[in-house]
Number of protein chains: 2
Amino acid sequence: MPASPQDASQSRHDARHSPARDESLTIGLSAVIVAVTGDDPKVLVVRRHGGRDALPSGPLERGHRTLETGLRNWVERQTLQKLGHVEQLYTFGDRDRSETDGDHATRRLSVAYLALVREARPAGDAGTAGADAVWTSWYRFFPWEDWRDGRPAILDVLEPALRTWAAADARHATRRLERLSLNFGLGDEAEERTGWNDERTLERYELLYEAGLVAEGRRDRDSTPAVRHQMDTEMAVDHRRMLALAIARLRGKIKYRPVVFELMPPSFTLLQFQRTVEALSGVRLHKQNFRRLVEQQRLVEETGETSAETGGRPARLVRFRREVVLERPAPGVRLPMASSKR
Amino acid sequence: MPASPQDASQSRHDARHSPARDESLTIGLSAVIVAVTGDDPKVLVVRRHGGRDALPSGPLERGHRTLETGLRNWVERQTLQKLGHVEQLYTFGDRDRSETDGDHATRRLSVAYLALVREARPAGDAGTAGADAVWTSWYRFFPWEDWRDGRPAILDVLEPALRTWAAADARHATRRLERLSLNFGLGDEAEERTGWNDERTLERYELLYEAGLVAEGRRDRDSTPAVRHQMDTEMAVDHRRMLALAIARLRGKIKYRPVVFELMPPSFTLLQFQRTVEALSGVRLHKQNFRRLVEQQRLVEETGETSAETGGRPARLVRFRREVVLERPAPGVRLPMASSKR
DNA sequence: ACCCTTATGCTCAATTTTAGCATAATGGGG
DNA sequence: CCCCATTATGCTAAAATTGAGCATAAGGGT
């Protein structure tokens, strides 16, 4: 790899040096676009006839000043969605991402973004041939992440399978059990049950992947007998991993930054707000405490108006107080903890 | 890139599509390598004769399975440092990163990583011609971030300059003042002083950049009169931004993950530990409360041995309890809040 | 008017956090 | 050898935050 003369001195340590030019390299941008409608956290996925579901992805185009504007541009063009909050998630560049492109592996870099949109528009096609963008509950891809109605049934299948996997390899059994305990709250013995940590979505997915319990894990390195469970919905390449990361990030972030509001309509009731947070975090919250939290942090303010209803007494309509960003050091919805009650 | 028949349908929305090939594209990996010696948070920078300081950076080499192993490899080879914790920070891909490469801008993607190492080895050269890697306190690049000895003097220069900048543009004055208030704790009026938030390092740097108060900001778009302050040490391209991000991330992370231990020797006293946390976060902590926190979270355990000393009564030597990772949902050093006292 | 349902107000107790006070060990200097 | 400065630790009272519920308010429906 020849360096130009003036670069010669700035050798090794220099970023401007040694592009990976000799290797076939492509760069894509992928987006996890999230909206919440009613009780469901929705993500926009491209459903291909025949193929696996995928996240909307596009090329890195020239002409855009930043990666983010590039992303915003094509997403808004393609899906007709106006993006609110956008943040970069991670850059995936594993060699094996590429689906063996002949003999010499092409490295495929993919920069994943998380985007929040206020309303889940029909989305529909979007001018794409042979693929439709549809809003899908993210729990379709991660059924074990939804604890809102109690412990997800699918864990009755996954837990034993995970234990079996852990025990299968004598050398790593201890470490594996530790990880299970930490991430799935499978207290080994009388071990104090650590409980469910809603932010460990990615780690849990990776464990399931390693254990060969998700479709992608089986495909990529067809090991393990594999537990077929109806609800395990596969996605293209490493898109499910991106989604897992997005969920984890968002669940973490709502606790210290007022990003949830990017998902709410201009005015809403406190219960609607609570349901949205619950949808994202996958756990139930204690209603009165949730309200207390929101109000004393002054995250919202009255609109004066009052509800349209869902059942009982009319509820006040509130709106997000944008000023809070300036007041509290780290405003957000610090979840008042889970509650079994609805 | 010819798509195989079954891929033909996966047009637009697919990541595997439309690489940005027509645009000259290079990819580099940059590393913010952090160590703490005594009271100083150190970062490894490449000091070029004549040029600006830079972060160690290298090419994305083929042959490595993941970006992270690629990074680990060349860093360990080049700097002879054994990396502990490594995490991806961000991918920078702004068009204007490239230093005008003739007429058609080449896009330079740079994936930045944060790496923690236990000891700051002399590092010295590392087989590089014309550049030396040296450990430097990160406060050399961000003097306003060190509040350990009270309010940094440099703020007496920056604050007025920032206010002037904010007021200069009538249209954006309000928003700018809000940002100043939020990030620098410049309560506008009698406004309750929000206080200093140690994690807002990146936002503060960006404000200073926009205001033309850091060297890079002046160079890239030579605006504003610019306040020359001795301590403002410039770095190459957007390396100082990367460093700001690294600091912010690390400051945030130590609060909920036991990463600090990656920076500590095998055994240490509680005060040493506290000093390390203070070095990173840039604020003083209340000693007794810090200890209580550490102990009741059982982050450490006795070694049985006892200190070597720094002054008074000998201190117990403790070591990190690796098991904590499995017990607490999110172990870390939740800073017990700042204290003016030493 | 009575019942069901959701909205809100408030209270009480259990914990956690903030700020200090007080005592214990060591080394150095009169 | 005693006094002092210095750092290590142990403990505690007061304040603030959380976790759980009880009780009452308002609508809609029968």
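Order of the sequence lines fixes the chain letters, A, B, ..., with proteins taken first and strands second; residue numbering starts at 1 for each chain. Just the heavy atoms: all of them, side chains too, but no hydrogens, waters or symmetry mates, feed the values below. All figures in this text were calculated on a predicted structure; none of them were measured in a lab.
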May I have the distance from [X] (atom [atom1]) to [N] (atom [atom2]), rounded to whole angstrom?
X	N	atom1	atom2	result
B:Q274	D:dT9	CD	P	12 Å
B:H286	D:dT12	NE2	P	16 Å
A:N289	D:dG21	CG	P	11 Å
B:R284	C:dG20	CZ	P	18 Å
B:L293	C:dA19	CG	P	14 Å
B:F268	D:dT7	CZ	P	20 Å
B:Q296	D:dG10	CD	P	13 Å
B:E295	C:dT17	CD	P	15 Å

Give me, pair by pair, the N or O atoms of the protein and of nucleotides 23-25 of chain D that are less than 3.5 Å apart, along with how far apart they are.
{"unit_1": "D:dA25", "atom_1": "O4'", "unit_2": "A:R313", "atom_2": "NH1", "d": "3.3"}
{"unit_1": "D:dA25", "atom_1": "N3", "unit_2": "A:R313", "atom_2": "NH1", "d": "3.0"}

Quick check for you: to the nearest 0.5 Å, what is the distance between A:L280 atom CG and A:D198 atom CG? 10.0 Å

Taking the minimum atom-to-atom distance to the side chain of B:L271, which one of C:dA19, D:dT7, D:dT9 wins? D:dT7

Could you please name the option among C:dT8, D:dG10, D:dT18 that lies closest to any side-chain atom of B:R316? D:dG10

Do the side-chain N and O atoms of A:R204 and A:N183 include a donor-acceptor pair separated by under 3.5 angstrom? no

Kindly indicate whether the side chain of A:R292 and the base of D:dG19 share any N or O donor-acceptor pair separated by less than 3.5 Å? yes

Candidate pair A:E295 and A:R316, rule salt bridge (Lys or Arg N to Asp or Glu O under 4.0 Å), full reasoning: CA-CA 13 Å; A:E295 305 212 305; A:R316 296 139 47 212; 2.7 Å; yes

Just wondering, more than 12 heavy atoms not from B:E305 lying within 6.0 Å of its CD?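 No - once you tally the heavy atoms of other residues, nucleotides and ligands closer than 6.0 Å, there are 12 at most.
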
Both A:K287 and B:P314 contact DNA chain C. Taking the nearest nucleotide for each, which residue is further toward the 5' end?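 Mapping each residue to its closest nucleotide by heavy atoms, the 5'-most match is A:K287.
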
Please enumerate all residues that pass salt bridge (Lys or Arg N to Asp or Glu O under 4.0 Å) together with A:E278, with sequence neighbours excluded. A:R275, A:R284

Show, in sequence, the C-alpha distance, side-chain angles and deciding distance for B:K42 and B:D40, and conclude whether the salt bridge (Lys or Arg N to Asp or Glu O under 4.0 Å) test is met. CA-CA 6 Å; B:K42 298 282 182 59; B:D40 281 311; 5.2 Å; no

Step-by-step salt bridge (Lys or Arg N to Asp or Glu O under 4.0 Å) determination, B:K255 to B:E199: CA-CA 11 Å; B:K255 289 169 193 162; B:E199 296 180 37; 2.7 Å; yes

